[in-house]
Amino acid sequence: MDFALSDEQLMIQESAAGFLAAASDSAAVRAAMASPQGFDAQLWRQIAEELCWPGLMIPEQYGGVGLGFVEQAILLEQMGHHLLCSPFFASACLATPALLLGDNEALRARWLPELAAGSLTATLAYRENRDGWHAAEQPRATRDGDGWHLDGIYEAVLDGASAELLIVATRDDAGALRLFAVPAEQAGIRRQARPTLDQTRRRARIELDGVAVSAEQCLHSDGLGEALLDKVLQIAAIALACEQTGAAQRTLDLTLAYIGERKQFGRTIASFQAIKHRCADLMLAIECARSASYYAACVAREALVEDGDAQLAGQLAEACAIAQSQASETFMHCAAESIQLHGGVGFTWEYDPHLYFKRARASEQLLGTPSWHRERLATLILETRP
């Protein structure tokens, strides 16, 4: 395994950083927050058509670029750094892995080319437990001849109001979990945007009322739904960790810029030893989060391809737990410290630290809390002891 970025990966990083610095600056983020969709549709078309980011890790046979999850992790770090408002995370980090890891080839051939082109946005709908992971209870899938009827409610679906394809998690009469691909405009689906703390990332309430689906719309064979959903969420949690790492770095950068200008007692506060120590602690935490996230991204890359390294792919659960707990806590700590080191202006609307603080708090609950991931890691370690 290589622990340094290749020349091609460095080019992706540099081009993404340059593009997002101009296209997703503070003014653009605030404009997207105030828009009905929650993102700039023209910017999304540019990202899809010119940069081909939605299809980065989709195989070439489905119209994608055919790169791996590490390249996507590089993009996610830059997206977090610039707080990009877009449907990328829901489409590329939730829905796309679900289709790739499912064994329904017809659904992959049907939906992946549109996802790769960016002409379709998608998301994954599931009920969460109090720790942010998928709950045991999900909406019902009732057998109706050769198909199913879906009934139930999802309270907080990422980009649920704007996504055009829904991957929905349900439980059948036997208690088995099933994932179905359902067009969002299908009869019986009602969607309502929900106000949230983080205005840069929209969520929605989705109600299924007798939604008719066929057996061909199921992503997997019988008995594989539980494992598929868990694996998809692990990969999404790693993606989130990469994004959080980039955002944490940005909060430190904002802080360093501010304390380098603010003066107290005739000199900048950046010259105070206590301030230096606090910033050094933040930098160390970010580097730890970055290392954990990129290692987990390497593991996810192997887990997403059929001919991947099985031994490395087997570490997915552990790598996910380490990366997510480290990155989530680091981002939250950096965002809180940024507001405090900004002093009184840290809470004001005109400055950006509050945007990152809200994203940090919301992301902390999105795909498993840090304490839940640490508990899961402890369980995995203890269960594998001889």
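Since this is a predicted model, take the numbers as computed values, not measurements.
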Colleague: Salt bridge between Arg178 and Asp173, side-chain N to carboxylate O under 4.0 Å?
Modeller: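 Asp173 and Arg178: not salt-bridged.
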Colleague: For Glu364, give me all partners under salt bridge (charged side-chain N to carboxylate O under 4.0 Å, His left out), at least two apart in sequence or on another chain.
Modeller: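 Checked Glu364 against salt bridge (charged side-chain N to carboxylate O under 4.0 Å, His left out); matches are Arg361.
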Colleague: Who else is in the cluster with Leu224 when I, L, V, M, F, W and Y are joined by side-chain contacts under 4.5 Å?
Modeller: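 Listed partners: none, Leu224 stands alone.
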Colleague: What residues, two or more places apart in sequence or in another chain, satisfy side chain to side chain contact (heavy atoms under 4.5 Å, CB included) together with Ala241?
Modeller: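 In terms of side chain to side chain contact (heavy atoms under 4.5 Å, CB included), with neighbours along the sequence ignored, Ala241 is linked to Gln244, Ser293, Ala323, Gln324, Ala327.
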Colleague: Under 4.0 Å between a Lys/Arg side-chain N and an Asp/Glu carboxylate O for Arg376 and Glu318?
Modeller: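 Salt bridge between Arg376 and Glu318, a charged N being under 4.0 Å from a carboxylate O: no.
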Colleague: Under the side-chain hydrogen bond (donor to acceptor under 3.5 Å, both in side chains) definition, can you give me all pairs with a residue in residues 21-36, not counting sequence neighbours?
Modeller: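 Qualifying pairs: Ser26-Arg30, Ser26-Asp352, Arg30-Asp352.
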Colleague: Could you tell me whether Arg359 sits above the aromatic face of Phe331, with NZ or CZ closer than 6.0 angstrom to the six-membered ring centre and within 45 degrees of the axis?
Modeller: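 Checked: cation-pi criterion not met.
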Colleague: Looking at Glu137 and Arg127, is there a salt bridge between them, counting it only when a charged N and a carboxylate O are closer than 4.0 Å?
Modeller: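 Looking at Arg127 and Glu137, the cut-off is met.
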Colleague: Using ring-ring contact (aromatic ring centres under 6.0 Å, His included) as the criterion, list what pairs up with Tyr258, not counting sequence neighbours.
Modeller: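 In terms of ring-ring contact (aromatic ring centres under 6.0 Å, His included), with neighbours along the sequence ignored, Tyr258 is linked to His342.
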Colleague: So Leu115 and Tyr62, do their side chains get closer than 4.5 Å, heavy atoms only?
Modeller: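 The answer is no; the side chains never approach within 4.5 Å.
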Colleague: Quick one: does any side-chain atom of Asp151 pair with a main-chain N or O of Gly210 as donor and acceptor, under 3.5 Å?
Modeller: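 Yes, Asp151 side chain to Gly210 backbone: donor-acceptor pair under 3.5 Å.
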Colleague: Short question: side chain of Thr348, backbone of Val345 - any donor-acceptor pair under 3.5 Å?
Modeller: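 Present.
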Colleague: Taking the hydrophobic residues Ile, Leu, Val, Met, Phe, Trp and Tyr, and joining any pair whose side-chain heavy atoms are under 4.5 Å apart, which ones share a cluster with Phe357?
Modeller: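 Answer for Phe357: Met332, Ile339, Phe347.
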Colleague: Applying ring-ring contact (aromatic ring centres under 6.0 Å, His included), name anything that partners His81, two or more places apart in sequence or on another chain.
Modeller: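 His81: no ring-ring contact (aromatic ring centres under 6.0 Å, His included) contacts found.
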Colleague: Going by the rule side chain to side chain contact (heavy atoms under 4.5 Å, CB included), which residues pair with Gln9 if we only count those two or more places apart in sequence or in a different chain?
Modeller: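 For Gln9 the side chain to side chain contact (heavy atoms under 4.5 Å, CB included) partners, ignoring immediate neighbours, are Leu5, Ser6, Val70, Glu71, Ile74.
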Colleague: Is there a donor-acceptor contact under 3.5 Å linking the side chains of Glu128 and Tyr154?
Modeller: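 The criterion, which ignores hydrogens and geometry beyond distance, is not satisfied for Tyr154 and Glu128.
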Colleague: Can we say Arg203 and Asp159 salt-bridge, meaning some charged N sits less than 4.0 Å from an Asp/Glu carboxylate O?
Modeller: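 No.
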Colleague: Any luck finding a side-chain donor-acceptor pair between Thr121 and Ser91 under 3.5 Å?
Modeller: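 Looking only at side-chain atoms, Ser91 and Thr121 do not form any donor-acceptor pair under 3.5 Å.
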Colleague: Report yes or no: do Leu76 and Met11 belong to one cluster of Ile/Leu/Val/Met/Phe/Trp/Tyr joined by side chain heavy-atom distances under 4.5 Å?
Modeller: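 Not linked; separate clusters.
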Colleague: Looking at Gln217 and Ala181, would you say the former's side chain and the latter's main chain have a donor-acceptor pair under 3.5 Å?
Modeller: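 Yes, because the side chain of Gln217 sits within donor-acceptor range (under 3.5 Å) of the backbone of Ala181.
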Colleague: Taking Ser325 for its side chain and Ala321 for its backbone only, find out whether a donor-acceptor pair lies under 3.5 Å.
Modeller: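 At least one qualifying donor-acceptor pair exists.
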Colleague: Please answer whether the main-chain N or O of Ala135 pairs with a side-chain N or O of Gln138 as donor and acceptor at a distance below 3.5 Å.
Modeller: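 The answer is yes, because a donor-acceptor pair under 3.5 Å joins these two groups.
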Colleague: Please identify each residue that fulfils salt bridge (charged side-chain N to carboxylate O under 4.0 Å, His left out) with Arg194, with sequence neighbours left out.
Modeller: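 Arg194 satisfies salt bridge (charged side-chain N to carboxylate O under 4.0 Å, His left out) with Glu155 once adjacent residues are dropped.
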Colleague: Check whether any side-chain N or O of Asp146 sits under 3.5 Å from a backbone N or O of Ser214 as a donor-acceptor pair, and report yes or no.
Modeller: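 Pair absent, no side-chain N/O of Asp146 close to backbone of Ser214.
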Colleague: Check side chain to side chain contact (heavy atoms under 4.5 Å, CB included) between Arg130 and all other residues, then give those that pass, not counting sequence neighbours.
Modeller: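 By the side chain to side chain contact (heavy atoms under 4.5 Å, CB included) rule, Arg130 matches no residue at all.
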Colleague: Excluding sequence neighbours, so at least two apart, what forms ring-ring contact (aromatic ring centres under 6.0 Å, His included) with Phe19?
Modeller: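 By the ring-ring contact (aromatic ring centres under 6.0 Å, His included) rule, Phe19 matches Trp53.
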Colleague: In chain order, what residues pass the ring-ring contact (aromatic ring centres under 6.0 Å, His included) check against His82, with sequence neighbours excluded?
Modeller: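 Listed in chain order: nothing, the list is empty.
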